[in-house]
Amino acid sequence: MSATMLQVAEDLHAFPGAKHLPPTYKDLISNLPALPEAEASDGSIPIIDLEALHGPRRPEIVKQLGQACQLQGFFAVKNHGIPRPTVDSIFDTTREFFHQPKEERMKFYTPDPNSDIRLMNAYKDEVANVYVARESLKFHCHPVEKYVNKWPTNPPSFRKSAAEYLTNVRRVEITLFGAISESLGLETDYIEKKLGGHYVSLNYYGACEQSNLELTYGVRAHTDPTIITILLQDEVPGLQALSEGKWMDVNPIPDTVVVHVGDLLQAISNHRFKSLLHQAMVNCEKERMSIASYCYPSSDAMIGPPEKLIDSDHPAVYKDFTFKEFSEQMWKVIAFDDARLNSFKCSAA
Ligand code: OGA
Ligand code: NI
């Protein structure tokens, strides 16, 4: 299959001009709009009870979910059913993986965006005077049997821990897709029917390094080119989301995962839900880890808004387009946000 969306997004961050230019440290920061950097929002994060979706309160929870997607673009999920030992184990494994000597980690480095597994390094943007501190290991993971042989064998716990976490998180994601579809007035399996594989990024942010650069980011402001992203954070704060024009700290809440609306859900929902602009800071004392995962559509899945969401008050914002077309477009449009969708707008030439 073609390069996945998150891979493409990362490549574009690191290598403007995509495939045709050699790697460079320049990237998109100069194109980022001026955002209200220092102003913090004290907004709170909506918390959705996943377990309650399976009982008589489902309609109420579906409504909450729809409101969170529409008003905030992100929410936390509690009672998600991912066992605590599974969560502890994926973090232990991630920490052990990134604590290994660089040579061991670099075995997974490849410039090939089509690779089933890839290490992405921290990098400096000398032009913008910014250091982007994240190192991440990204890989395909569904079905597990198809990909597991590509995953690291060091630390020895890797394959078992990753398979266990990913099987659990996929179940959570599919439950959410059912509720999100219903919140849009669609069939419960509307989104699920579009699914293809699953992709994960184990993110590692070392404690801030001494740097002569002006600013160190964990990861710079971006939207995810996904339907939704499920982010499992450890207990170290760092994630920020743009909420009503201000950066809001999305601090870890024990035993929850964070969910972001991505660009594809913005299109599927006919722009009722907006993809979330977010970034991660680094911490000067503590390392931080997060696990971002998402199910992606099959290549021929239609992503444009369904008929049901289009009427005279809500004309179609996007044309019909396939996931394959979107993925190809990602290579052509250098964007860190939903501008990736611009060429699929009905008003686009
Ligand atoms: C991502 C992401 C934020 C974080 O992986 O897309 O935005 O807190 N991660 O690690
Ligand atoms: Ni993200």
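Keep in mind that what you see is a predicted model, and the values were worked out from it rather than measured. Both ligands and their constituent atoms are indexed starting at 1 by order of listing.
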query: Under 4.0 Å from ligand 1, counting heavy atoms only, is it the side chain of Q279, its backbone, both or neither?
result: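 The answer is neither; Q279 stays 4.0 Å or more away.
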Quick one: do [X] and [Y] make a salt bridge, cutoff under 4.0 Å?
X: E287; Y: R95; result: yes
X: E328; Y: K332; result: no
X: K274; Y: D338; result: no
X: E164; Y: K160; result: yes
X: E51; Y: K78; result: no
X: E135; Y: R105; result: yes

Take the angle between the ring planes of [X] and [Y] and call it parallel below 30°, perpendicular above 60°, tilted in between.
X: F323; Y: Y296; result: parallel
X: Y204; Y: F98; result: parallel
X: F321; Y: Y318; result: perpendicular

Between S290 and Q233: side-chain donor-acceptor atoms closer than 3.5 Å: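 No, no side-chain donor-acceptor contact under 3.5 Å.
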Atom indices of ligand 1, in the order listed, that fall short of 4.0 Å to a heavy atom of [X]:
X: L231; value: 4 (C), 8 (O), 9 (N)
X: N203; value: 5 (O), 9 (N), 10 (O)
X: R134; value: 1 (C), 2 (C), 5 (O), 9 (N)
X: S290; value: 4 (C), 10 (O)
X: Y205; value: 3 (C), 4 (C), 9 (N), 10 (O)
X: A292; value: 5 (O)
X: R288; value: 4 (C), 8 (O), 10 (O)
X: L239; value: 3 (C), 8 (O)

- prompt: Below 4.0 Å from any atom of ligand 1, is there a heavy atom belonging to H222?
  reply: yes
query: Hey, is D224 one of the residues with a heavy atom under 4.0 angstrom from ligand 1?
result: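 Contact present.
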N or O contact, [X] vs ligand 1, cut-off under 3.5 Å:
X: Q233; value: no
X: H260; value: no
X: S201; value: no

- request: Could you tell me whether any N, O or S atom belonging to H260 is less than 2.8 Å from the Ni ion (ligand 2)?
  value: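 Coordinating: no.
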field: Angle subtended at the Ni ion (ligand 2) by H222 NE2 and H278 NE2, rounded to 10 degrees
entry: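 About 90° at the Ni ion (ligand 2).
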message: Which atom name does D224 have for its N/O/S atom nearest to the Ni ion (ligand 2)?
response: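 The closest N, O or S atom of D224 to the Ni ion (ligand 2) is OD1.
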- prompt: How about E60: does its CD atom have over 12 heavy atoms from other parts shown lying under 6.0 Å from it?
  reply: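 Yes, the 6.0 Å shell around CD holds more than 12 heavy atoms from other groups.
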